[in-house]
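Atom set for the values below is all heavy atoms of this structure, side chains included, hydrogens, waters and symmetry mates excluded. Residue indices begin at 1 and follow the sequence shown.
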Amino acid sequence: MLELVEESGQTGPASGVQAMISARPSYRVCPGWQRCHEGGARMLALLVSITAVLVSLGSLGIAYMSGRHSRMPVLQFMWEGASGGGEPKWWLANVGTGPATNIVVAQAERTALTRGLNREQWFNPVLIPSIPAGGKLALTWLGGTMGLQCGLGASCTDAEKYFYTTKCGDDVSMFFVGLHLPRWPLLKLNGSRAVKTWWGVEDLSGPRWSSVSERHVRRRWWLPSRFGISRRLGGWADPVLSYRPR
């Protein structure tokens, strides 16, 4: 705010020009307006700094997600008929951009092809070796029948131990981020294994093993539903310690 202050001219033999100059009003800045201006400048500088920090964080987040996507495994069930004298069989192929590790293949009487278990009952989990990007592995224990009369599911982790899940039923496949199958222990539990190794399973004859339904799974309430029952192998939400043989 500006205040107008009138200064009276001097009397005497001053010239006309000097009289006009001395008679001109002078201005001075109001202290309150100056403080307001300085406060606005500081606020603008603060907003610029906050914007710069947010842009930097956004750039880091985008770079992190781009790195994750560049190493993301995507598993796909494939049926390959007899060709070139080979036997028909089911395959699990990695069509993603990164290796798939800690792969568990299981069966379900039916699958809703949705996130979570949703009243699904999964059984016969089998641990298979890692599959590199662009690779595939024969699921010989499923036999040479295309119509299995059951749903199939596969969970895996990437190089940073984050879970990914594929569900297949009636020739429809769905891919999810997170674990949307039961969390069976990969190692021995109380002297026995809940998950069989692929080289120890010849076929599906005999009784089922390690059958798990939704009511047998303990899920952390604070975990977003899009991640299923766990996001990361060995993470805070990993419910492996709550697993009990059925």
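Using modelled atom types and a 3.5 Å distance limit, the side chains of Gln121 and Ser211 yield a donor-acceptor pair.
In this structure, the side chains of Trp209 and Val201 come closer than 4.5 Å at one or more pairs of heavy atoms. Within the 4.5 Å cutoff, the side chain of Val177 has no heavy atoms near those of the Tyr162 side chain. For the pair Phe176/Leu181, no side-chain contact is recorded, criterion being any heavy-atom separation below 4.5 Å from C-beta on. The shortest side-chain heavy-atom distance between Gln107 and Cys150 falls under the 4.5 Å cut-off. Trp79 places none of its side-chain heavy atoms less than 4.5 Å from the side chain of Leu142. Using a 4.5 Å heavy-atom cutoff, the side chains of Thr111 and Trp122 are in contact. Counting only heavy atoms from C-beta outward, the side chains of Ser210 and Val195 never approach each other to under 4.5 Å. Counting heavy atoms from C-beta on, the side chains of Met174 and Leu113 come closer than 4.5 Å.
For CH2 of Trp236, the number of neighbouring non-hydrogen atoms (other residues, nucleotides, ligands) closer than 6.0 Å is 12 at most. Atom CZ of Arg220 has more than 12 neighbouring heavy atoms from other residues, nucleotides or ligands inside a 6.0 Å radius. Asp203 CG: more than 12 foreign heavy atoms inside a 6.0 Å radius. Counting heavy-atom neighbours within 6.0 Å of Leu187 CG, excluding the residue itself, gives a total of 12 or less.
The line from CG of Leu137 to CD1 of Ile131 is 5.0 Å long, rounded to the nearest 0.5 Å. Atom CG of residue Leu44 and atom OG of residue Ser49 lie 9.5 Å apart, to the nearest 0.5 angstrom. The line from CG of Leu117 to OG of Ser213 is 8.0 Å long, rounded to the nearest 0.5 Å. The distance from atom CH2 of Trp184 to atom OH of Tyr243, rounded to the nearest 0.5 Å, is 8.0 Å. Between Met78 atom CE and Ser173 atom OG the span is 11.0 Å, to the nearest 0.5 Å. Atom-to-atom distance recorded for Glu120:CD and Lys167:NZ is 3.5 Å, nearest 0.5 angstrom.
A distance-only check finds a donor-acceptor pair linking the side chain of Asp238 to the backbone of Val240 [under 3.5 Å]. A donor-acceptor distance shorter than 3.5 angstrom exists from the side chain of Thr166 to the backbone of Leu75, with no hydrogens or angles considered.
The minimum heavy-atom distance between Pro239 and Ser242, with the atom names listed, is O-OG, 2.6 Å. For Glu160 against Arg232, the heavy-atom pair with the smallest separation is O-NE, 3.1 Å. Residues Thr165 and His180 approach most closely at OG1-N, 3.1 Å, considering heavy atoms. In terms of heavy atoms, Pro125 sits closest to Val104 at CB-CG1, 3.9 Å. Taking all atoms of both residues into account, the shortest heavy-atom contact from Gly228 to Arg219 is O-NE, 2.6 Å. Taking every heavy atom of both residues into account, Ala237 and Trp222 meet most closely at CB-CH2, 3.8 Å.
Under a hydrophobic clustering in which Ile, Leu, Val, Met, Phe, Trp and Tyr are joined whenever their side-chain heavy atoms come within less than 4.5 Å, directly or via other members, Leu54 and Leu46 fall into the same cluster. Hydrophobic clustering keeps Leu139 apart from Trp91 (ILVMFWY residues linked when any side-chain heavy atoms are closer than 4.5 Å, directly or through intermediates). Under the 4.5 Å side-chain heavy-atom criterion for grouping Ile, Leu, Val, Met, Phe, Trp and Tyr, Trp141 is connected to Trp199 within one hydrophobic cluster.
Here the rule is side chain to side chain contact (heavy atoms under 4.5 Å, CB included) with Asn94, and of Ser130, Cys156, Pro73, Pro132 only Pro73 fits it.
Applying the side-chain contact (heavy atoms from CB on, under 4.5 Å) rule to Thr157 yields the partners Thr101, Asn102, Phe163, Leu233; only residues at least two apart in sequence or on another chain are considered.
Ring orientation note: the planes of Phe77 and Trp90 are nearly perpendicular, at an angle over 60° on the 30°/60° scale.
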